[in-house]
Amino acid sequence: MNRSKFKIFAAVLVTALMAQAHSALACAACYGAAKGPLMDGMKWGIFALLGTVVSVLAGCATFFVYLAKKAASVPPINGPGDLPPPTQNT
C-alpha cells in the first residue's frame with residue numbers, strides 16, 4: 001500500500017469514527033427531560049440573567065424619573081429678562 005492510499009484510508013477511518021451515533025447523543029436539556037440537575041442549573045441561569053436585565057432597566061428608569069423631577073423643580077424661562085446675569089471669570 002503506497003502512502004496516498006494509506007492517507008485516504010486513514011481519512012475515511014477517522015471520518016467513520018467521528019460519525020458514530022453514540023457520540024451525538026443529546027443532553028438532558030435537548031432531549032426534553034424536565035427534571036434533573038442540568039435543568040435546575042439552566043433555570044437558575046435564566047433567572048440570574050433576567051434579574052440582571054431587570055435591575056439595569058430599573059436603574060435607567062429611576063435615572064429618567066430623577067431627571068424629570070429635577071427639571072420640574074426648575075422654574076421655566078419665559079424670556080430674556082428671566083436669564084441670570086452673566087458672570088465674569090477672570
**From Trp44 atom CH2 to Leu49 atom CG, the distance as rounded to the nearest 0.5 Å** = 13.0 Å
**Message:** Using a 4.5 Å cut-off between side-chain heavy atoms of Ile, Leu, Val, Met, Phe, Trp and Tyr, which other residues end up in the same hydrophobic cluster as Leu57?
**Reply:** Val53
Just list the side-chain donor-acceptor pairs under 3.5 Å for residues 62-75, sequence neighbours left out, or say none.
residue, atom, partner, partner atom, Å
Thr62, OG1, Ala58, O, 2.7
Ser73, OG, Lys70, O, 2.8

